[in-house]
Amino acid sequence: MNHRTVAVLAATVVSSLALTGCGGSSDDSSSSSGPVKLTYWAWAPGMDEVVKLWNDANPDIQVTVKKQASGDDLVTKTITAAKAGNAPDLMQAEYQALPTLVSNDVLADISGQAGDAEDAFAPGLWQQVTLGTDAVYAIPQDSGPLMFYYRADLFEEYGLTVPTTWDEFADTARDLKEQQPDKALTTFSANDAGLFAGLAQQAGAQWWTTEGDQWKVAIDDEATGKVADFWGGLVAEGAIDNQPMYTPAWNNALNTGEQIAWVSAVWAPGTLTTAAPDTAGKWAMAPLPQWNAGENITGTWGGSTTAVTNDASDKDAAARFATWLNTDPEALAALVTHGGIYPAATAAQTGEALAEAPEFFANQPDFYTVAAEVAEGTAPAAWGPNTNVAYSTFNDAFAQAARDRSDFGAALTLMQRATVDDLAGHGFQVTE
């Protein structure tokens, strides 16, 4: 199976979009006089301000940002536009959306134009834009390495030690529950599969891979099973809570100290600012607990890329812009300042724009120094063309298991089965 000739169901389209991806548009450059004009579909805030820097310095290549909805909405809109030959020149795309876009022949291979851009990123992030091939389908823009957030004041009050391994994490949860039965270290939430995917990524999971002309689905592999059993065991014994995130009850638990820790990504300070406003300056961040003591491996939750489409009027110019946007120091500083992102480029993670800790974590001046060290250990992830199906099944199956404090392994089996059946039902050759 060639990664550009796979038939695939678009991520959020109900009717079948099983396309044989050989009909991409040719690499036409604008033949008209005047500057090359490129359109960029993106949702990141402040992108107009960042792009202005490019336009002022590059009168021969002018980029216009058109603000879009994020996530699957943009994937569906772009696939539909590409079928009509009207896709934008560039688009912002989440990492897990790239296989769907590639399989629908939306994205151009810019390996010939990306130069040495690979050197700017952690290997685990770069692997996600190549899909494990020699092609390059996007330039990483931002990332969401997972970390451990905890109430430093309450850890001190209860005599708790910040866990460095998952075994220590479990012991800490039990210790807290024994001391304070009305409190919980954290909760297992099933309303955002991205967190669970990142934890499985840290453990070494590769949910989608290819073997010859087949997709291999291994969502219920040993690595993910270990993660599911770990969290399911803590829920079953009542050592942690089983309530979903992002609800008023969850916000209140964080704000009152009923829940004193959260496994989240580098963007968590923004969420805590609104969810737990009374706790500013009381939290601290530490590396994600490890399965093996002494390692530095993390997964990711969120993040996006800049991709060039096959409909681009000038792919060389579009690739130049995408590379500049995500590797140039001035552009990266502007992305941080105006867009509030955590840049994927390693050098920018300790740049001047991130010299100060987030205001909510003013008590931890080395916040971004620690974050950069964590991000260096980003594990590779393997996404497939029906990530949405896997995520949707997770939300249903694991939510039920969490509510019932029942077998998480059974929920993982349902997730595997639904993903395989969906691929096979849309004409894929699938193995397990």
Exercise for the section: May I ask you to establish whether Lys216 and Trp208 are in a cation-pi arrangement, using a distance under 6.0 Å from NZ or CZ to the six-membered ring centre and at most 45° from the ring axis? Expected result: no
Is there a donor-acceptor contact under 3.5 Å linking the side chains of [X] and [Y]?
X      : Y      : answer
Thr165 : Asp167 : no
Gln400 : Asp404 : yes
Ser304 : Gln92  : yes
Trp383 : Gln128 : yes
Glu168 : Thr161 : no
Thr309 : Asp311 : no
Lys77  : Gln68  : yes
Thr271 : Trp267 : no

In Å and rounded to the nearest 0.5 Å, what is the [atom1] to [atom2] distance from [X] to [Y]?
X      : Y      : atom1 : atom2 : result
Gln429 : Leu423 : CD    : CG    : 11.0 Å
Phe155 : Leu176 : CZ    : CG    : 7.5 Å
Asp328 : Phe321 : CG    : CZ    : 11.0 Å
Leu146 : Leu195 : CG    : CG    : 6.0 Å
Glu118 : Thr130 : CD    : OG1   : 8.0 Å
Leu160 : Gln180 : CG    : CD    : 9.5 Å

Nearest heavy atoms of [X] and [Y], plus distance in Å:
X      : Y      : value
Ile240 : Ala173 : CG2-CB, 3.9 Å
Ala117 : Thr323 : CB-CG2, 4.2 Å
Ile139 : Ala114 : CD1-CB, 4.3 Å
Val430 : Ala424 : CG2-N, 3.8 Å
Leu325 : Ala331 : O-CB, 3.6 Å
Thr186 : Phe169 : CG2-CZ, 3.7 Å

Fill in the blank from the handout: Paired with Gln416, the side-chain contact (heavy atoms from CB on, under 4.5 Å) test is passed by just one of Asp421, Asp221, Asp220, Thr224, namely Asp220
Problem - Among Val129, Leu98, Val308, Val136, side-chain contact (heavy atoms from CB on, under 4.5 Å) partner for Leu107 - result: Leu98
Exercise for the section: Could you give me the CA-CA distance, side-chain angles and deciding distance for Asp153 and Glu156, then say whether side-chain contact (heavy atoms from CB on, under 4.5 Å) is met? Expected result: CA-CA 5 Å; Asp153 59 331; Glu156 181 178 358; 5.8 Å; no
Handout entry: Carboxylate-amine/guanidinium contact Asp171 Arg174, below 4.0 Å
Key = yes
Exercise for the section: Inspect the contact between Glu432 and Arg417 and indicate whether a charged nitrogen and a carboxylate oxygen are less than 4.0 angstrom apart. Expected result: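 The answer is yes: the pair qualifies as a salt bridge.
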Handout entry: Neighbour count >12 (heavy atoms, 6.0 Å) for atom NZ, Lys66
Key = no
Handout entry: Within 6.0 angstrom of Glu157 CD, more than 12 heavy atoms from elsewhere
Key = yes
Handout entry: Heavy-atom side-chain contact between Val420 and Trp215 under 4.5 Å
Key = no
Handout entry: Validation row, ring centre Phe408 to ring centre Phe230 under 6.0 Å
Key =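 Phe408 vs Phe230: aromatic centres not under 6.0 Å.
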Problem - Between Tyr149 and Phe361, ring centroids under 6.0 Å - result: yes
Handout entry: Working for side-chain contact (heavy atoms from CB on, under 4.5 Å), residues Thr387 and Thr100
Key = CA-CA 9 Å; Thr387 304; Thr100 297; 5.8 Å; no
Exercise for the section: Classify the angle between the aromatic ring planes of Phe188 and Trp231 as parallel (below 30°), tilted (30 to 60°) or perpendicular (above 60°). Expected result: tilted
Exercise for the section: Check whether any side-chain N or O of Asn363 sits under 3.5 Å from a backbone N or O of Trp283 as a donor-acceptor pair, and report yes or no. Expected result: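 Present.
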Exercise for the section: Dump the intermediate steps for side-chain contact (heavy atoms from CB on, under 4.5 Å) on Asp192 and Tyr246, then the final yes or no. Expected result: CA-CA 10 Å; Asp192 192 327; Tyr246 310 132; 4.0 Å; yes
Exercise for the section: Report the C-alpha separation of Trp166 and Leu288 in whole Å, then their side-chain angles, then the decisive distance to 0.1 Å, and conclude whether the side-chain contact (heavy atoms from CB on, under 4.5 Å) test is met. Expected result: CA-CA 9 Å; Trp166 287 114; Leu288 192 66; 3.9 Å; yes
Practice task
Quick one: list whatever passes ring pair (Phe, Tyr, Trp, His ring centres under 6.0 Å) with Trp207, sequence neighbours left out.
Solution key: none
